[in-house]
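Encoded as structure tokens, the structure appears first; notes follow it.
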Amino acid sequence: MATSITGLIKGLGVTLKALVNPAVTVQYPHEKEELHPRTRGVIALKVENCTVCMLCVRSCPDWCIYIEGHKDKAPPRREGGKPRSVNVLDRFDIDYALCMYCGICVEVCPFDALFWSPEFEYAEPKIADLLHDIDRLDEWMQTVPEPPELDEGAK
Amino acid sequence: MSTAGDLAESVRAAAHAADARVSVDIDTGDMKLNIGPQHPATHGVLRLVVELDGEKVKSVKPVIGYMHRGYEKLVEVRDYPQVTTLINRIDWVSGFCNEIPFILGAEKLLEIEAPPRATYLRTLLCEMQRIASHLVFFSAYPLEVGAMTPMFFAFRERERVLDVLESVTGGRFHPNFNRVGGLFKDIPATFRSECAETMDAVRNVCGELDNLIVGNEIFMERTVGVGVLPPEIALDYGVSGPNLRATGVAEDIRKTSPYLAYDQVNFDIPTGENGDCFDRAKIRLREIIESTYIIDQLLDSLPSGPVMAKVPKVIKVPEGEIYVKGENPRGEMGYYIVSKGGGTPYRVKIRSGSFSNISCLEYLLDGVLVPDIIAILGSLDFVLGDVDR
């Protein structure tokens, strides 16, 4: 019987100590935790960097990126040259209902057009509304943080 | 007006009546009870068809497959970098540990070796994930046997561990941080101090959990001598991980066939004696403490250098087959990869700890009482995604 009481008293001691400690929870809508710069919250698009190469579309494991574009003629670089042929981005949609947040598209992008942002408040009442278009993805570029400083052992 | 004598008389009469009622031989009959698939105590969508005689279990048939997502088939149409995003989700409580064996297998087939810094960091993050996973056990299991308080303590520290994991990998649950040939990125500058602080906090919460649960008589009453698994039966069923070590078998892949940097660090394998629910809980608490010391050692001896080896841009794995296993928090996690050349694996067989661990349920639940079903189920610490894949 004596052992049972010591076990219970020890446990009560732990909970009593917790009573005087400050709370660790955050009252979410009123205060927000600062998220890490690497947090994968949402994918942002830097529109001017995109060359419609389709690498992100092909590497996506669940095929949730939709890109459309067309070829256009741009003025030549040098005077008297031939007009250049450039790809123009018409549509860049990401279906966040399908997205697995793996980041492969951000990684494969050869022109640094895709970035991760820790932004997470983009819930929608309807699942179809989670398909976000080029304007929304461009807006999120404002929230992309600087990458964190690396450890001294990194090379 | 009643006197004390009258009261004693009526009490005696009531006791006599109660005795008479109990002594009647009631035919309890057989009853079939379906626990699950939607039952909070079965950790997801496990269904148990239990045949009861009164409060005693006559037989149990576990029915699995409600969470079958066909990962073995899905990885056949995805290339190697894409596969890690899927296998992360097999066992969502220990995502980082799931990636390791697959990546190691692909690296062996490609004959690429990850740089030492990447190997050390993989080991470190793997142990961190183990701590987070075992802390989930210490919040769910006491809850199932009737103690609510430990959950708040375990989850508080688990959140800190996941926070450190997130600062490195970018994901709390699905890190997707391993690449064939190394790691995606190096650790941020703040990692070392945060990690050391978190490990101190984890050791502290282990002391608190020890006082709250392991030393608690009510918890012992529910778990000591319940669900005893003898070592030979456990080995016959292929039980692995902490559940096997609780039976007294010192089998740990980190020690018996070391992978990553586990041969560079000193650590003990905690083993139990009786193989009951109490031992299974105690083992996990000691494993958390061992893991914190592993992390401390790895942080001190972390080599500098790159974290990524030279890897071709398009990964084409040569023909061959390989089985690579690793110690998941739930047991042996292994991938049998068959490659016929090309960018996608031809066939992948996934061996997961939880599946083998719950196959001994028929043995464990034979003849126990109904409340003990929940105590035994929780102590095995399985994840249904890991069972069904």
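Proteins get letters first, then strands, A, B, ... in listed order; numbering begins at 1 in each.
A donor and an acceptor atom, one from each side chain of Thr39(A) and Glu166(B), are located under 3.5 Å apart.
Between Asp163(B) and His36(A), some side-chain heavy-atom pair lies under the 4.5 Å cut-off. Side chains of Met100(A) and His174(B) form no contact here, defined as non-hydrogen atoms less than 4.5 Å apart.
Note on Ile187(B), Asn216(B), Asn176(B): by heavy-atom pairs under 4.5 Å with chain A, the leading option is Ile187(B). Heavy-atom pairs under 4.5 Å with chain B peak, among Val14(A), Thr15(A), Asp62(A), Leu12(A), at Val14(A). The choice from Arg192(B), Glu208(B), Arg156(B) that makes the most heavy-atom pairs within less than 4.5 Å of chain A is Arg192(B). Across Thr85(B), Asp210(B), Leu74(B), the residue that shares the most heavy-atom pairs under 4.5 angstrom with chain A is Thr85(B).
For chain A, the nearby part of Phe153(B) is the side chain; its heavy atoms alone come within less than 4.5 Å. Heavy atoms closer than 4.5 Å to chain A are found in the backbone of Thr169(B), but not in its side chain. For a residue to count as touching a neighbouring chain, one of its non-hydrogen atoms must lie under 4.5 Å from one of that chain's; by this rule Leu150(A) touches chain B with backbone and side chain alike. Neither the backbone nor the side chain of Val214(B) comes within contact range of chain A; no heavy atoms are under 4.5 Å apart. Only the side chain of Phe184(B) comes within less than 4.5 Å of a heavy atom of chain A; its backbone N, CA, C and O stay farther away. For Pro61(A), the parts lying near chain B are the backbone and the side chain together; criterion is any non-hydrogen pair under 4.5 Å. At a 4.5 Å heavy-atom cutoff, the contact between Thr149(B) and chain A is made by side-chain atoms alone. Heavy-atom distances place the backbone of Pro175(B), and not its side chain, under 4.5 Å from chain A. Of the two parts of Arg89(B), only the side chain, counted from C-beta on, holds a non-hydrogen atom closer than 4.5 Å to a non-hydrogen atom of chain A.
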